[in-house]
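Written out below as structure tokens is the structure these notes cover.
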Amino acid sequence: FPSHDNHLTGNDNYIKVTATSTMTLPTAVGRTGQRYVIRCTSQTATVNTTSSQAIDTYGTSVSLVGANYNILVVVSDGANWIVEQYQCGC
């Protein structure tokens, strides 16, 4: 994604971030099983939720920092986003 705010849709599934970006996940409600793979190859990517939904134990926001190929995989449980994988390429 280029450097700006992005609202993910049901059509997105693999997102490669190449510049500082902020992404907002859609609501997890009604999307059970919806999965997003976010790979940050440079700069900083911030992933936010809508409607105060949680990203597992991270709260409503997760930041992927640095150029070390960080990966975040989230899946909807129908109410919130569950972290399936969070890999730091540090």
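Reckoned from all heavy atoms, side chains included, excluding hydrogens, waters and symmetry mates.
Listed by first and then second residue, the salt bridge (charged side-chain N to carboxylate O under 4.0 Å, His left out) pairs that reach into residues 68-84 are R35-E84, sequence neighbours excluded. Here ring-ring contact (aromatic ring centres under 6.0 Å, His included) pairs that include residues 12-32, with residues two or more places apart or in two chains, number zero.
Residues N6 and T24 fail the side-chain proximity criterion, which asks for heavy atoms closer than 4.5 Å.
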Would you give me the side-chain donor-acceptor pairs under 3.5 Å for residues 26-34, sequence neighbours excluded?
unit_1, atom_1, unit_2, atom_2, d
T27, OG1, V29, N, 3.2
T27, OG1, Q53, NE2, 2.7
R31, NE, T27, O, 2.9

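To the nearest 0.5 Å, atoms OG1 (T57) and CG (N80) are separated by 11.5 Å. Rounding to the nearest 0.5 angstrom, the gap separating the CE atom in M23 from the CG atom in L25 is 8.5 Å.
Here the closest heavy-atom approach between residue I55 and residue V47 is recorded as CD1-O, 3.7 Å. Nearest heavy atoms, A54 versus T49: C-CG2, 4.2 Å.
Here V75 is tied into one hydrophobic group with I82, each link being a pair of ILVMFWY side chains closer than 4.5 Å.
Under the 4.5 Å side-chain heavy-atom criterion for Ile, Leu, Val, Met, Phe, Trp and Tyr, Y36 and I71 are members of distinct hydrophobic clusters. In terms of hydrophobic clustering, with Ile, Leu, Val, Met, Phe, Trp and Tyr side chains grouped at heavy-atom distances under 4.5 Å, V73 and L64 are assigned to different clusters. Linking Ile, Leu, Val, Met, Phe, Trp and Tyr whenever their side-chain heavy atoms come within less than 4.5 Å leaves V37 and Y86 in two separate clusters.
With sequence neighbours excluded, the residues that form a side-chain contact (heavy atoms from CB on, under 4.5 Å) with T9 are N11, D12. In this structure S61 satisfies the side chain to side chain donor-acceptor pair (under 3.5 Å) test together with N48, sequence neighbours excluded.
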Checklist entry - Going through the distances and angles, do R39 and I15 end up as a side-chain contact (heavy atoms from CB on, under 4.5 Å)? => result CA-CA 6 Å; R39 182 177 181 198; I15 301 97; over 6 Å; no
